[in-house]
Amino acid sequence: MKEKKKISFVRVAIWFFGLVILGTILSRVTSSVLTPVVETKYVSPGEIEYSIISDAIVVGDKNIPIYVCADVMVEEIYVTEGENICIGDKLLRVNTDELKALYLNKKIERKDMKMLYWYASEDERTADELKISMADNALDKMKLLIDQEGIVYATSGGVIAEVRQSIGNKTSNDAAFIITEEAQDYTLKINITEEQKENVQIGDKAVVQCGKISTKSEVKTVYADNSNSQNYIVEIKVSGETFHMGDSVLVNITHTSEKYDFVVPISAVYSDVSSSYVLVLKEKETMLGTEMVASKVLIKVGASNTEYVGIKSDGLSDKDKIIINSNKHIDAGDVVREK
C-alpha cells in the first residue's frame with residue numbers, strides 16, 4: 001500500500017509541475033503574441049532643417065518705357081509679352097502716310113510758335129523757348145521714324161514686360177512698351193505663406209537651379225505681399241552671367257533652426273490635453289522577471305519639418321531609447337517588446 005501511495009504522489013507531483021511548466025509556456029507565448037512590438041532609437045542633439053521649394057521667374061529691376069509719337073495708326077506689332085529682345089529688334093510699325101501728314105502739321109505748329117515768340121514779353125519768352133525746344137525734339141523723333149519707314153526699333157536688350165498698343169488702333173501719349181533691361185543681377189520673388197515665414201530669415205541659404213545649371217544664393221529680404229495680406233514675398237538675387245530674364249528656375253530655400261537638446265522623429269511625439277511627451281524604453285522587475293515598459297517623459301516641442309522635431313527635456317539623456325514606432329497602440333506603463 002505504501003508503494004502505491006508513493007507512486008501516486010510522484011504522479012501528482014509530475015502532473016503539477018507539468019501544468020506549471022505548460023502554464024508558463026502558454027503565458028510566455030500569449031505575452032509574446034499580445035505584447036506590442038516597438039521600434040526604438042537613441043536620442044541625440046541636433047538642429048532642424050526646414051526647406052521651401054518653389055518655382056520662380058527671373059525678372060529684372062530696371063524697366064524702360066518705349067514711347068511712340070501719338071495719333072498714328074499701328075499696323076504691325078512684332079513682339080509679345082515675355083519675349084527676349086536685343087538692341088535693334090523690331091517692335092512695331094506705324095502707318096507712314098499718317099506719320100508724314102502729322103510731321104508736316106507739327107512743322108507748321110512749330111513755325112507758328114516761332115513767330116509768336118518774337119511778339120512775346122520777356123517773361124513769356126522763357127516758356128516759349130521750352131515749348132519750341134520740345135517741339136524740335138518731337139520733330140526730330142518723327143523724322144527718324146519716317147526714315148525708318150515707320151518701324152520702331154529696340155534701343156536696349158531685355159524682356160518685353162508689357163505691350164500697351166494694339167494693331168488697328170492709334171498710338172497714345174502713354175508708353176507703347178515696357179522693357180525690363182538686362183542687368184548684372186536679377187531678383188527672384190517667391191511667394192510664401194504666413195506659416196512658412198516663421199521658418200525663413202534673411203541670410204538663409206538658397207540653391208537656384210535651371211536645367212543642369214545650379215548656383216548658390218541667399219535670402220536678401222522678406223516682406224508682406226501688398227496684394228495678399230496672408231502671403232509674404234522672399235527676394236533672392238542671382239547673377240546675370242548665369243541666368244537670363246524670363247528663365248523659369250527651381251528655388252530651394254533652407255532654414256536651420258537653433259540647436260535642440262534632442263531631435264526625434266515626429267512619430268515619437270505624443271500629446272494630451274495638458275502636455276507633450278515621448279515614451280522611453282525602461283526595464284521593470286515583474287513576477288515573470290525583467291520586462292520592458294513604456295515610460296512617459298515630458299518634453300517641450302520646438303521647430304519641426306515633415307520628418308523630425310526638435311525637443312527640450314530635463315528628463316532625457318543620450319542613453320535613453322525612445323519609442324518611435326509600434327505595431328499596436330501603447331500607453332505609458334504598458335509592457336512592450338523591442339523589435
Side-chain angles (χ1 to χ4, degrees), residues 57-187 189 225-227 240 244-247:
I57 301 296
V58 178
V59 295
D61 299 321
K62 185 177 180 181
N63 291 328
I64 300 174
I66 303 296
Y67 294 92
V68 182
C69 57
D71 297 324
V72 186
M73 185 70 69
V74 177
E75 295 193 335
E76 283 189 86
I77 296 177
Y78 302 104
V79 293
T80 58
E81 290 184 3
E83 183 178 343
N84 282 284
I85 61 168
C86 300
I87 295 175
D89 285 351
K90 293 180 180 180
L91 299 179
L92 65 71
R93 181 174 63 81
V94 297
N95 184 287
T96 52
D97 291 335
E98 287 188 6
L99 180 62
K100 290 176 181 177
L102 183 63
Y103 176 73
L104 291 175
N105 287 334
K106 292 296 182 182
K107 284 193 74 173
I108 293 171
E109 289 179 8
R110 194 271 183 197
K111 185 178 180 181
D112 292 341
M113 285 182 194
K114 195 66 176 175
M115 290 180 65
L116 292 172
Y117 172 81
W118 297 112
Y119 299 99
S121 66
E122 192 66 32
D123 292 337
E124 291 174 332
R125 285 190 177 187
T126 302
D128 288 343
E129 285 175 356
L130 179 59
K131 291 178 182 178
I132 292 170
S133 176
M134 291 174 64
D136 287 340
N137 186 46
L139 285 169
D140 290 341
K141 290 180 178 179
M142 292 175 68
K143 180 63 169 59
L144 176 61
L145 191 55
I146 290 170
D147 293 341
Q148 295 174 174
E149 298 181 343
I151 298 174
V152 177
Y153 294 93
T155 55
S156 64
V159 172
I160 301 295
E162 292 182 53
V163 177
R164 296 182 174 179
Q165 300 292 342
S166 56
I167 296 172
N169 290 326
K170 291 198 173 186
T171 56
S172 66
N173 290 317
D174 296 330
F177 302 93
I178 301 295
I179 297 176
T180 304
E181 192 177 33
E182 293 176 339
Q184 293 182 341
D185 296 300
Y186 296 115
T187 301
K189 295 185 178 182
D225 184 353
N226 292 330
S227 63
H244 303 284
M245 281 187 297
D247 283 349

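Note that the coordinates shown come from a computational prediction; the quantities given were computed from them, not determined experimentally. FYI, side chains are in, hydrogens and waters are out, and symmetry mates aren't considered; it's all heavy atoms of this structure.
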* Asked: What pairs with Ala176 under side chain to side chain contact (heavy atoms under 4.5 Å, CB included), at least two apart in sequence or on another chain?
  -> Val68, Leu92, Gln165
For residues 167-175, dump all side-chain donor-acceptor pairs below 3.5 Å to protein atoms at least two apart in sequence or in another chain.
unit_1	atom_1	unit_2	atom_2	d
Asn169	ND2	Ser166	OG	2.5
Thr171	OG1	Cys69	O	2.6
Thr171	OG1	Asp71	N	3.2
Thr171	OG1	Val72	N	3.2
Thr171	OG1	Val72	O	3.4
Ser172	OG	Asp174	N	3.3

* For Asp225, what residues pass the salt bridge (Lys or Arg N to Asp or Glu O under 4.0 Å) criterion, not counting sequence neighbours? -> none
* From the options Ile57, Val58, Asn84, select the one residue that forms a side-chain contact (heavy atoms from CB on, under 4.5 Å) with Asp247. => Val58
* Sequence neighbours left out, what passes side-chain hydrogen bond (donor to acceptor under 3.5 Å, both in side chains) with Asn95? Give chain and number order. => Glu75
* **side-chain hydrogen bond (donor to acceptor under 3.5 Å, both in side chains) against Asn63, all qualifying residues, sequence neighbours excluded** => Thr180
* Answer whether the closest heavy-atom distance between the side chains of Asp89 and Val79 falls below 4.5 Å. => no
* Structure fact -> Applied to residues 152-164, the side chain to side chain donor-acceptor pair (under 3.5 Å) test, sequence neighbours excluded, yields Glu162-Arg164
Let me check something: any side-chain donor-acceptor pairs from residues 140-151 under 3.5 Å, sequence neighbours excluded? List them with distances.
unit_1	atom_1	unit_2	atom_2	d
Lys143	NZ	Asp147	OD1	3.1
Lys143	NZ	Asp147	OD2	3.2
Gln148	NE2	Ile151	O	2.8

* Asked: Counting only N and O atoms by type, is there a donor-acceptor contact under 3.5 Å from the side chain of Glu81 to the main-chain atoms of Val163?
  -> yes
* Asked: Which residues pass the side-chain hydrogen bond (donor to acceptor under 3.5 Å, both in side chains) test with Tyr78, sequence neighbours left out?
  -> Glu76
Distance-only check: which donor-acceptor pairs under 3.5 Å involve side-chain atoms of residues 98-107, not counting sequence neighbours?
unit_1	atom_1	unit_2	atom_2	d
Glu98	OE1	Met73	N	2.9
Asn105	ND2	Ala101	O	3.4

